[in-house]
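Here the structure is laid out as structure tokens; the discussion comes afterwards.
In what follows, chains are A, B, ... by sequence order, proteins preceding strands, each numbered from 1.
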2 protein chains.
Amino acid sequence: MDRPYTGVIERLKNAGLRPTRQRLALAKLLFDGGDRHITAETLHAEVLAANVRVSLATVYNALHQFTRSGLLREVVVDSSRAYFDTNTSGHHHFFDEDTGDLSDIPDGEISVSSLPGAPAGKVLSGVEVVVRVRSQQ
Amino acid sequence: MDRPYTGVIERLKNAGLRPTRQRLALAKLLFDGGDRHITAETLHAEVLAANVRVSLATVYNALHQFTRSGLLREVVVDSSRAYFDTNTSGHHHFFDEDTGDLSDIPDGEISVSSLPGAPAGKVLSGVEVVVRVRSQQ
DNA sequence: ATATAAATTAGAATAACTCTAAACTAACTG
DNA sequence: CAGTTAGTTTAGAGTTATTCTAATTTATAT
């Protein structure tokens, strides 16, 4: 394509974010492929591998801004590291405790029934199912 | 009771752990009451408040040992802090993102149907549902 | 009582972020 | 376009939760 960034530029503008060199590179890696699960470190490594100099602080900033504006979703599966998912629609995950691999549970293979109401004075903000698996034994 | 530690001593011995002064104090706080949700910091504060000098490293060690031997369960709800639950039977949680409060979803108020099989070569190790709520608006 | 293996500890180290203040740049204005 | 400004990036310092290390202490077996 002649203008490989147009889609991503639009996406950032719609989110109210300036399409800077850094955000463009990150957004391209994140959104120009299928659904992805990443951490700050893996995304930083990828963007450097693509020869765009971006600081780790900017990766963190971008991940949070993208999440705030709904382009990403955070998935909490590990108490020592934050994972982000480019698929922001409601779905659930397998998490391999040995490898750290996060993957989608295909739609329809799981369902949560009879959701409880939020406790008094609270507002529901999300429901996450994590199916933990292990590689060995 | 005359021997307030007998129960807890047995519990530790059954888990293959020496009933040391520190582990006894921690186990008493954890198991001599109803179900509890704690973090290393909160448990450390409690044990010091009970006037037993225990280092934070020992609290971390004990939490992991207790978890390994099935006396505790880790609940992953926050990517920056580990929570532990004294109720090790299968149940799910509310997590208040504003206050950090973790609470049980009463049994029967939620259920996960049609569990997916683990991906090839993997073994299922747990299923966790976290219902996130917020305090404000 | 002793020996020994296990447990505890202070303090250093690490990992994953977050913050700060200075330098840079996108985008608006005339 | 040149100037202005507000938003963005960054290096490096700071923070927080947790783990590690090596020395000391303690529980238990003998």
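- The shortest side-chain heavy-atom distance between B:E128 and A:E128 does not fall under the 4.5 Å cut-off.
- When each of B:A40 and A:S55 is assigned the nucleotide of DNA chain D bearing its nearest heavy atom, the one mapping closer to the 5' terminus is A:S55.
- Contact annotation: the side chain of B:E46 approaches that of B:R36 to within less than 4.5 Å [non-hydrogen atoms, C-beta and beyond].
- Between C:dC17 and A:H64, no contact under 4.0 Å exists linking OP1 or OP2 to a side-chain N or O.
- Between the side chains of B:Q65 and B:R23, at least one donor N or O lies within less than 3.5 Å of an accepting N or O.
- Side-chain proximity of A:R23 to C:dG11, D:dT8, D:dT18: nearest is D:dT8.
- For the OP1/OP2 pair of D:dT9 and a distance below 4.0 Å, the side-chain nitrogens and oxygens of A:T58 include no atom meeting the criterion.
- Between A:L43 atom CG and C:dA16 atom C1' the separation is 15 Å, expressed in whole Å.
- Side-chain contact annotation: A:D104 with A:H92, donor-acceptor N/O pair under 3.5 Å absent.
- A:H44 has its NE2 atom 15 Å from the C1' atom of C:dA15, to the nearest Å.
- With B:F94 as the aromatic partner, B:R132 does not meet the cation-pi criteria of under 6.0 angstrom to the ring centre and within 45 degrees of the ring axis.
- Within the 4.0 Å cut-off from OP1 or OP2 of D:dT19, not a single side-chain nitrogen or oxygen of B:Y60 is found.
- Taking the nucleotide of DNA chain C with the nearest heavy atom to each of A:A57 and A:E41, the more 5' of the two is matched to A:E41.
- Nucleic acid contact for B:S80: sugar-phosphate only, since backbone atoms but no base atoms lie under 4.0 Å from a heavy atom of the residue.
- Put simply, CG on B:N61 is 9 Å from P on D:dT19, counting in whole angstrom units.
- In the model, B:H91 has a side-chain atom that pairs as donor or acceptor with a side-chain atom of B:D85 under 3.5 Å.
- For B:L56 and C:dA10, the CG to C1' distance is 11 Å, given to the nearest whole Å.
- Atoms CG (B:L48) and C1' (C:dA10) sit 14 Å apart, rounded to a whole Å.
- Taking atom CG on A:D78 and atom P on D:dT19, their separation rounds to 11 Å, with Å as the unit.
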Nucleotide by nucleotide, 5' to 3', does protein get under 4.0 Å of the base (B), only the sugar-phosphate (S), or neither (-) in nucleotides 22-30 of chain D, counting heavy atoms? -----BS--
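- Rounded to whole Å, the distance from CZ on A:R68 to C1' on D:dG7 is 13 Å.
- A side-chain donor from one of A:S135 and A:D96 sits under 3.5 Å from a side-chain acceptor of the other.
- Atom CD in A:Q65 sits about 16 Å away from atom P in C:dC17, given to the nearest Å.
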